[in-house]
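When a ligand or atom number is given, it counts from 1 through the structure's own listing order.
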Amino acid sequence: METQKRDAWSSNFGLVLAATGSAIGLGNLWKFPFITWENNGGAFVIVYLVCILLVGLPIMMAELLIGRRSQKSIVGALRDVAGPAWKFVGGWGVLCGFILLSYYTVIAGWSFFYFWKSLGWTFGGFPADLSTGDLFGAQVGDAWLQFMLSLVFSIATVGVVYFGVQKGIERVAKVLLPVLFGILVLLLVSALGMSGSGEALKFIFEPRFGELEWSGVLEALGHSFFTLSLGMGAMITYGSYISRKQSIVKSAGAIVAFDTLIALVATIIMFSVIFSVAGLSEEVGKSTVGMLFISLPELFYTVMPFGTVLGPLFYVLVALAALTSTISLLEVETSFLIDERGMKRQKAVIVSGAAIFVFTIFAALSFGSTPVLSTMVAFGKTGWFSIADHFVSNWMLPTGGLAVAIAAGWFMTRKATEDELVDGNQPDWFRYGAWRFFIRYVAPVAVLAIILAVILGRDFS
Ligand code: PHE
């Protein structure tokens, strides 16, 4: 079926940047601070770090190695390394990417709105009588605006993936990621100078194990899949563009380390700002989107040093981080159509981008502008967006991750995985044995625990 020459990263650096870009996204800036808040920081953060290390890292290595071994996107990859029936698991991943991208784009689009608004405040001053809560409500309730924001973001994603792995994805990641790091450093410096930073650091890092509930442990585990882009084939697809010369162990380590660092830094920044305003910290935690789009916009202009400059930059950061993630989601769909349907890249990108956008419209209109979509109820969630997010986070990613662990740990031969991981070195416990133990036993048991908890009624979205 392979008629076109397969794309590849130009270097190890290209892979690490693109995959780090995929991992760093709304999960780090929007979800992680919120669930850290919800679970009382401290112990939750430690448990999250343990999950990343014991489950996330081994599965990251598994996805990259499955990709490189097969040189195919998720459906063909799982079929090649684990057996014919595994193509259905691959299909599950493609479907998951489809749904995830369709609603992720909506929040990503909001960053454009807030960038535009904050730019106006930077030059025109922050209106004293403005309620950012009302502004938010008006923004999400405006159907036409929601449609346009999502459309522009979708076009940006399609525009990058259209140009392929090296000329599109890698090139964009090489420019965007350093910019993203730069903006984050500026924000961090300013945030650490604020009066609330000490309290913020204490909240995030002081272990208070008495306060952590068992459900929080499982939530940390679930989020480690979301934040590392695992469980739906993004890293398998990116792994399929790695050449034989590159080290999977080192790349996986770097991607995981960067993603974790950024999640922590983003949380420190947000909490420093929030803790600097007396009384505010009580309210913020109440809504998932509240922190990013209701509290912060105002705080940039009222309390944060250099906030007038940093405000617009922050929303550029959100947009860039989201874009490098949506790119990887669309690449999963695109590479599936290229590998399994023999389509040309350009056609595959446009076909999948357009199909996904139809569903993006549903998500975009489900924040109040369209009653049917905003009030529908399923799985105890209200509104199309929340239902989709619930389904993906609670069911699709964990089951996908479990399948990957089983494929790599139990269906692939020891020789095959060893070949991919040891890079011609002597396989020893550190280079190989530890991974094998974690992928066969630790990761599946942990993931099964999440799924069990979900079945017993716990919500991770
Ligand atoms: N990791 C991304 C984030 O944290 C989300 C994502 C999940 C991207 C799965 C691609 C695949 O925002």
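Annotation: ring-ring contact (aromatic ring centres under 6.0 Å, His included) contacts of W92 (sequence neighbours excluded): none.
Screening residues 56-75 for ring-ring contact (aromatic ring centres under 6.0 Å, His included) gives no qualifying pairs among residues at least two apart or on separate chains.
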Tabulate distances under 3.5 Å between N/O atoms of ligand 1 and N/O atoms of the protein, writing both atom names on each line.
unit_1: ligand 1; atom_1: 1 (N); unit_2: S22; atom_2: O; d: 3.3
unit_1: ligand 1; atom_1: 1 (N); unit_2: A23; atom_2: O; d: 3.0
unit_1: ligand 1; atom_1: 1 (N); unit_2: F226; atom_2: O; d: 2.9
unit_1: ligand 1; atom_1: 1 (N); unit_2: T227; atom_2: O; d: 3.1
unit_1: ligand 1; atom_1: 1 (N); unit_2: S229; atom_2: OG; d: 3.0
unit_1: ligand 1; atom_1: 4 (O); unit_2: A23; atom_2: O; d: 3.0
unit_1: ligand 1; atom_1: 4 (O); unit_2: G27; atom_2: N; d: 3.3
unit_1: ligand 1; atom_1: 4 (O); unit_2: N28; atom_2: OD1; d: 3.4
unit_1: ligand 1; atom_1: 12 (O); unit_2: L26; atom_2: N; d: 3.0
unit_1: ligand 1; atom_1: 12 (O); unit_2: G27; atom_2: N; d: 2.8
unit_1: ligand 1; atom_1: 12 (O); unit_2: Y104; atom_2: OH; d: 2.4

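Checked against the 6.0 Å centroid threshold, F367 and W384 do not count as a close aromatic pair. No close placement of the Y315 and W110 rings is indicated, their centers lying 6.0 Å or farther apart.
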Tell me which donor-acceptor pairs under 3.5 Å the side chains of residues 154-162 have, and how far apart each pair is, sequence neighbours excluded?
unit_1: S154; atom_1: OG; unit_2: S150; atom_2: O; d: 2.9
unit_1: T157; atom_1: OG1; unit_2: F153; atom_2: O; d: 3.0
unit_1: T157; atom_1: OG1; unit_2: T326; atom_2: OG1; d: 3.0

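Inspection of the D339 and S335 side chains reveals no N or O donor paired with an N or O acceptor under 3.5 Å.
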